[in-house]
Amino acid sequence: MQTRILAALLCGCALASAAVAETLVVNDQVQVRDSQLDRPKRGLTMDQVEKQFGAPATRHPTVGGSSQAQPPITRWDYNGFSVFFERDRVIDSVVIGSSVTSTSIAGT
């Protein structure tokens, strides 16, 4: 019974979380903050991102790509967010804040 209630609550929370938020790590604590920053959506091509948001401030070298299991991943940094591509398609865009300590993502 408790498992069903927990599962129902988790599903309800997942469906109700339509708000955009960013996850921050400050002083080794995870914090969530609403974000209204316009950034690329999943599935856009590199050309579409550059047309909509302009040239990135930094283009990091592509990593991976040696096999089907490790496709090429590229990161572009803009003012306020980073965009991650698999081959030439956006797979994620992440808001970066000034209060967040920059850490390297494995392999990037």
Please list all pairs passing the salt bridge (Lys or Arg N to Asp or Glu O under 4.0 Å) test where one or both residues lie in residues 77-95, with sequence neighbours left out.
Arg75-Asp77
Trp76 vs Val49 side-chain heavy atoms within contact, under 4.5 Å:
yes
Rounded to the nearest 0.5 Å, what's the gap from CG on Asn79 to CD1 on Ile96? Could you check?
7.5 Å
Return the CZ to OG distance between Arg42 and Ser93, rounded to the nearest 0.5 Å.
9.0 Å
Pairwise distance OG1(Thr45) to NZ(Lys51) - rounded to 0.5 angstrom
9.0 Å
Salt bridge (Lys or Arg N to Asp or Glu O under 4.0 Å) partners of residues 52-74, not counting sequence neighbours, each pair once:
Glu50-Arg59
What are the two closest heavy atoms between Gln48 and Leu44, and how far apart are they?
OE1-CA, 3.3 Å
With sequence neighbours left out, the residues meeting ring pair (Phe, Tyr, Trp, His ring centres under 6.0 Å) with Phe81 are Phe53, Tyr78
Can you tell me which residue pairs pass the side-chain hydrogen bond (donor to acceptor under 3.5 Å, both in side chains) test with a partner in residues 62-71, sequence neighbours excluded?
Thr62-Thr74, Ser66-Gln70
Side chains of Met46 and Phe85: does their closest heavy-atom pair fall under 4.5 Å?
yes
Pairs where residues 62-74 contributes a residue and the test salt bridge (Lys or Arg N to Asp or Glu O under 4.0 Å) is met, not counting sequence neighbours
none
